[in-house]
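This report concerns only the one structure given below.
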Amino acid sequence: MMEKTKKLANGIEMPRLGLGVWRVEDQAATDSVRWALATGYRLIDTAAIYKNETGVGEGIRQAGLAREDLFVTTKLWNSDQGYESTHQAFDASLKRLGLDYVDLYLIHWPVEGKFADSWKAMEEIYASGRAKAIGVSNFHQHHLEELMQTAKVKPMVDQIELHPTLTQEPLRNYLASEGIAVEAWSPLGQGTILKNETLVAIGKKYQKSAAQVIIRWHLQSDIIVIPKSVHEERIKENFDVFDFELTAEEMKQIDSLNIDERLGADPDHFDF
Ligand SMILES: NC(=O)c1ccc[n+]([C@@H]2O[C@H](COP(=O)([O-])OP(=O)(O)OC[C@H]3O[C@@H](n4cnc5c(N)ncnc54)[C@H](OP(=O)(O)O)[C@@H]3O)[C@@H](O)[C@H]2O)c1
């Protein structure tokens, strides 16, 4: 049996499977979030830059679940990095979400020269209880090493691009050694790998789709996973992954699809 949550370094339980809402319009985010929460999802992953925190908050309210049963992540955008501006950006995110705390607040990208100051503000937000956990996104090992020279609190999560064609094994090993949870963004390769023959063939054996096989691979690899869909059927499909188990051999087959292929920017060379 797969545990539905993962214990972060500070003891907070984070759901292992959630809904991503990048490139989802504010209005559509309300529907997607409501469908996901009705399906059983408890983790929602948004960001200030997605411009849908208001819609996400509305979906949460419409679902009518107890706040403590939900896990909401949002992220600090690059142009808001810096000590004061991080505090302001966080307050603005909470306001748009209509929440009085988030479960996880992440630095979206490692903006050089700024992320250490941003982190100081994040530590204060964490100490205030308005973020139950704090972490980073798109940090390579060297970014984390730099951050930890000045950090008082170690990031609890690193959310990185990760899918069967970019398996990130060296970074995952480093994160595991540091007790930092790994969360995959674009876990389905943005839909580009759903016709892959290996994934389709493995799925046939279990009467599962390639998307379900990939999500299962993430879960069995101890990776927190946040597939995005704006379609109710797919949102349900992506959550229907707790009734089968990939064999060690199948896990290896999927690992071997790695070609170190990035769909997004390399965190060492981004211009936004
Ligand atoms: N931290 C970062 O820098 C960062 C960067 C990128 C993403 N993220 C987060 O990670 C989340 C997921 O990544 P992503 O949105 O880039 O891509 P993804 O989840 O890998 O793939 C989403 C794509 O796959 C399609 N899809 C989803 N489920 C499907 C299914 N069962 N069958 C067929 N197609 C399916 C979706 O289409 P439909 O929606 O049309 O169904 C969409 O086109 C984001 O939403 C965001 O929350 C974070």
Side-chain angles (χ1 to χ4, degrees), residues 2-24 33 36 41-50 56 70-77 93 102-110 115 119 122 126 131-141 143-144 147 153-190 211 214-229 238-239 241 254-255 258 262-267 270:
M2 161 94 44
E3 293 288 334
K4 292 236 167 128
T5 60
K6 179 175 172 68
K7 199 188 280 291
L8 303 181
N10 66 341
I12 292 283
E13 295 284 348
M14 179 165 181
R16 291 176 179 270
L17 173 55
L19 178 77
V21 294
W22 181 37
R23 295 193 280 208
V24 178
V33 166
Y41 289 72
R42 292 297 176 261
L43 162 64
I44 307 292
D45 183 88
T46 185
I49 193 68
Y50 301 169
V56 166
L70 300 178
F71 193 106
V72 181
T73 302
T74 195
K75 313 186 193 85
L76 171 70
W77 187 240
S93 279
V102 295
D103 298 276
L104 178 63
Y105 196 43
L106 300 176
I107 293 188
H108 209 145
W109 288 84
F115 64 69
W119 191 251
M122 307 259 299
Y126 174 58
K132 302 298 174 200
I134 51 175
V136 296
S137 177
N138 298 301
F139 274 48
H140 284 318
Q141 177 172 341
H143 295 118
L144 281 158
L147 181 66
V153 177
K154 194 193 267 194
M156 289 134 205
V157 174
D158 191 2
Q159 184 186 111
I160 55 175
E161 183 180 347
L162 204 176
H163 40 75
T165 43
L166 178 68
T167 55
Q168 299 261 30
E169 279 183 35
L171 181 52
R172 277 160 59 196
N173 289 336
Y174 169 73
L175 293 171
S177 73
E178 290 291 331
I180 300 172
V182 182
E183 184 175 19
W185 65 253
S186 295
L188 304 176
Q190 299 177 5
I214 299 171
I215 292 165
R216 191 69 209 184
W217 171 82
H218 283 284
L219 294 172
Q220 288 183 222
S221 305
D222 196 23
I223 297 164
I224 297 162
V225 59
I226 45 170
K228 169 262 178 187
S229 178
N238 294 345
F239 202 73
V241 293
I254 302 173
D255 289 336
N258 180 46
R262 282 184 190 279
L263 300 167
D266 184 324
F270 62 98

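This is a predicted model, so every value here is computed, not measured. Positions are given from 1 along the sequence. Just so it is clear, the values below take in all heavy atoms, side chains as well, and ignore hydrogens, waters and symmetry mates.
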[Y] and [X], any side-chain heavy atoms less than 4.5 Å apart:
X	Y	value
P267	R262	yes
P155	L106	no
S93	V102	no
I226	L43	yes
I107	F139	yes

Closest contact, heavy atoms only, [X] versus [Y]:
X	Y	answer
T74	A47	OG1-CA, 3.3 Å
A131	I134	CB-CG2, 4.1 Å
A181	K6	CB-CE, 3.7 Å

If you measure from [atom1] on [X] to [atom2] on [Y], what distance do you get to the nearest 0.5 Å?
X	Y	atom1	atom2	result
L76	I49	CG	CD1	11.0 Å
L171	I160	CG	CD1	4.0 Å
T46	L19	OG1	CG	10.0 Å
R172	S177	CZ	OG	13.5 Å
N258	L162	CG	CG	9.0 Å
L219	M2	CG	CE	5.0 Å

Under the side-chain contact (heavy atoms from CB on, under 4.5 Å) rule, collect the residues that match up with A265, sequence neighbours excluded. W109, F270, F272
Those residues at least two apart in sequence (or on a different chain) that pass side-chain contact (heavy atoms from CB on, under 4.5 Å) with E178 are M148, K154, Y174, I180
Please walk me through it: do L70 and I44 pass side-chain contact (heavy atoms from CB on, under 4.5 Å)? CA-CA 8 Å; L70 300 178; I44 307 292; over 6 Å; no
Applying side chain to side chain donor-acceptor pair (under 3.5 Å) to H108 and not counting sequence neighbours gives none
For residues 9-16, which side-chain N or O atoms pair as donor and acceptor with protein atoms under 3.5 Å away, sequence neighbours left out?
| unit_1 | atom_1 | unit_2 | atom_2 | d |
| --- | --- | --- | --- | --- |
| N10 | OD1 | I12 | N | 3.3 |
| N10 | ND2 | Y126 | OH | 3.1 |
| N10 | ND2 | K132 | O | 3.0 |
| E13 | OE1 | T5 | OG1 | 2.8 |
| E13 | OE2 | K7 | NZ | 3.1 |
| R16 | NE | E3 | O | 3.2 |
| R16 | NE | T5 | O | 3.1 |
| R16 | NH1 | D222 | OD1 | 2.8 |

Pairs under 3.5 angstrom only: tabulate donor-acceptor contacts from the side chains of residues 182-189 to other protein residues two or more places apart or in another chain.
| unit_1 | atom_1 | unit_2 | atom_2 | d |
| --- | --- | --- | --- | --- |
| E183 | OE1 | Q159 | NE2 | 3.1 |
| W185 | NE1 | N138 | OD1 | 2.8 |
| S186 | OG | Q190 | NE2 | 3.0 |

Evaluate side-chain contact (heavy atoms from CB on, under 4.5 Å) for L144 paired with L175, printing each intermediate quantity in order. CA-CA 9 Å; L144 281 158; L175 293 171; 3.5 Å; yes
Do side-chain atoms of [X] reach the backbone of [Y] as a donor and acceptor pair under 3.5 angstrom?
X	Y	result
R42	F71	no
D103	V72	yes
W119	V153	yes

For D158, which residues count as a salt bridge (Lys or Arg N to Asp or Glu O under 4.0 Å) partner, sequence neighbours excluded? none
Between D266 and H140, does a side-chain contact (heavy atoms from CB on, under 4.5 Å) hold up when you go through it step by step? CA-CA 9 Å; D266 184 324; H140 284 318; 3.0 Å; yes
Evaluation steps, side chain to side chain donor-acceptor pair (under 3.5 Å), between D45 and W22: CA-CA 8 Å; D45 183 88; W22 181 37; over 6 Å; no
Steps toward side-chain contact (heavy atoms from CB on, under 4.5 Å) verdict (Y50, V24): CA-CA 7 Å; Y50 301 169; V24 178; over 6 Å; no
